[in-house]
Amino acid sequence: MNAAAGLSGNLAIALAAAAAAVAQVAQGKALDRALDLEGQALAGPERAAAQDIAYTACRRLNLLDALALRLMKKPNPSVDYLIRVALSELIDHATDRAHIVVDQAVCAASEIAAGAFKGLVNGVLRSFLREQETLLRELRADEALRLAYPRWWIERVREAWPDRWEAILEQGNRPPSMTLRVNLRRSTVASYAAELAAAGLAARQTGPVALTLARPVPVSRLPGFAEGLVSVQDLGAQWAAHLLCGSLVAARPGDARLRLLDACAAPGGKTAHLLESIDCEMLALDQDEGRVAAIRINLKRLGLSAQCRAADAAVLDTWWDGAPFDLVLLDAPCTASGVVSRHPDAKWLKRVGDLRQLARSQRRLLDALWHVLKPGGKLLYATCSLFPQENNQQIEAWLGQHPDARHLALPLVSTPPGAPQPLLHGVVDQLLPDAAHDGFFYALLGKD
Ligand SMILES: C[S@@+](CC[C@H](N)C(=O)[O-])C[C@H]1O[C@@H](n2cnc3c(N)ncnc32)[C@H](O)[C@@H]1O
């Protein structure tokens, strides 16, 4: 349904669309899918505003739930989420544009059930404005509401990173930076940086092929995006290809017939980066058919090619022809606890039991994929998680069961002068999220 049909005010349209998306997240849908605004007649600025409002609301969803509970006598499914997203905006704009937010939320409510909820929305939001200081102080006395994470999540991060847990959680609540990966098959970092500057977009080089923008922009504003000059990819995610290629240079320089497997490849960010970096035969697998289509679209835009197949990578007889691979990337399904700033819905959609279940499927994938690697080959295990159960504990336990596996030192990736050094050159490397990049874990495994 078009949540914004019939609305005239820009903010009212954005609030209605954001409310519809956040309501779907509460029902278990991923925010990026819930926010698929293609079917809605939203213009660029309204679409951007709806995204911004929905992401901000998702960062603090438990606080909004608690506020709504305090301010409303009973839930009202028709406007519950309109009230939540409007409250979220009021928290940030209580002094500068509170009256506009209230007016526009009432305008959005007037579209619902012949305006029957206008008074309710108006009353709830105005009560919040009157009592906000006390309300927020009382609610934020609860740690889970102050930090805006589920309790189990806070406990896991505290347990894993006793000296850094609060900073990690706070970082996860900040909007992420926008980093680009220059396609070296079509451009260079220097010439693309010049194109950005000519388009009035400030950026600085932060990795071997990475340019981080001073401010995020829609991809439509990136010069040559449609022509495949660049992709959007977090700096930490770019380390996967650098580490795999770095491990290779020492072992097999210039091997054109290298066989690579990207086992959990969709939507193809790391597949594409590898193909931009080395000449190889690439098989990109993903168990989700729809997401395999996204890999094909991304590769086409970038002028790259790979064999793309939908399959469960752990069930070898459904996809493997018996020819072993030189390199395997296992970018395993995980809790996504390192990328909450980019995917704030992850902390609400995941349950504590998912951690155990995901660790089991990571183990199953590692066990199976070890068979497809050549002796002397390398497997890079990657997650975007901060939880040791999916990372170093997983790898240590797995190594204990695989005497033909060695845990290799990660190659040093040289970074441009002045750029952040994500310190990936140890044996076990956990990249903690910060302003420059998301959180990742990488372990390089060599087969005897
Ligand atoms: C972290 S994402 C991969 C991101 C991707 N490597 C990139 O850089 O764009 C994990 C992917 O694993 C896929 N997946 C999960 N279980 C799988 C399995 N058993 N076999 C193949 N793919 C799987 C999911 O569909 C998801 O697309």
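We count ligands from 1, going down the list as the structure has it; atoms in each ligand are counted the same way. Excluded from the calculations below are hydrogen atoms, water molecules and symmetry mates; all remaining heavy atoms, backbone and side chain alike, are included.
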Note: Glu390-Arg360 ion pair, threshold 4.0 Å (strictly below): no

Plane angle bin for His242 and Trp239 - parallel if under 30°, tilted between 30 and 60°, otherwise perpendicular: perpendicular

Contact with ligand 1 for Asp286, non-hydrogen, under 4.0 angstrom: yes

Which segment of Thr271 sits under 4.0 Å of ligand 1 when only heavy atoms are counted: neither

Electrostatic pair Lys447-Asp326, nearest N-O below 4.0 angstrom: no

For ligand 1, the portion of Ala265 having any non-hydrogen atom under 4.0 Å away: backbone

Aromatic centroids of Phe387 and Trp153 separated by under 6.0 Å: yes

Glu143/Arg158 salt bridge by N-O under 4.0 Å criterion: yes

Geometric N/O contact Gln233 with ligand 1, under 3.5 angstrom: no

Within-cut-off N or O pair, Asp262 and ligand 1, under 3.5 Å: no

Sub-4.0 Å heavy-atom approach of Ala314 to ligand 1: no

Protein heavy atom at shortest distance from atom 19 (N) of ligand 1: Asp312 OD1, 2.9 Å

Protein heavy-atom partner closest to atom 21 (C) of ligand 1 - residue, atom, separation in Å: Gln287 N, 3.3 Å

Close approach, Ala263 and ligand 1, non-hydrogen under 4.0 angstrom: yes

Protein heavy atom at shortest distance from atom 9 (O) of ligand 1: Gly269 N, 2.9 Å

Asn173 side-chain N/O to Ser341 backbone N/O, donor-acceptor pair under 3.5 Å: no

Aromatic ring pairing Phe325/Trp319, orientation class (parallel under 30°, perpendicular over 60°, tilted between): tilted

Under 3.5 Å: N/O of Ala332 near N/O of ligand 1: no

Protein contact of atom 20 (N) of ligand 1 - nearest heavy atom, named by residue and atom, plus distance: Ala313 N, 2.9 Å

Worked check of side chain to side chain donor-acceptor pair (under 3.5 Å) between Ser88 and Thr56: CA-CA 7 Å; Ser88 174; Thr56 305; 5.6 Å; no

Carboxylate-amine/guanidinium proximity below 4.0 Å for Arg84 and Asp65: yes

Ion pair Arg363/Asp367, N-O distance below 4.0 Å: yes

Sub-4.0 Å heavy-atom contact, Ala311 with ligand 1: yes

Check: Asp288 N/O within less than 3.5 Å of ligand 1 N/O: no

Nearest protein heavy atom with distance in Å, relative to atom 4 (C) of ligand 1: Ala266 O, 3.0 Å

Sub-3.5 Å N/O-N/O distance, Pro333 and ligand 1: no

Protein contact to atom 12 (O) of ligand 1 [nearest heavy atom, distance to 0.1 Å]: Cys264 CB, 3.2 Å

Shortest heavy-atom approach to atom 1 (C) of ligand 1 - which of Asn298, Leu330, Asp331, Val292: Asp331

Main-chain N/O of Ser385 paired with Gln430 side-chain donor or acceptor, under 3.5 Å: yes

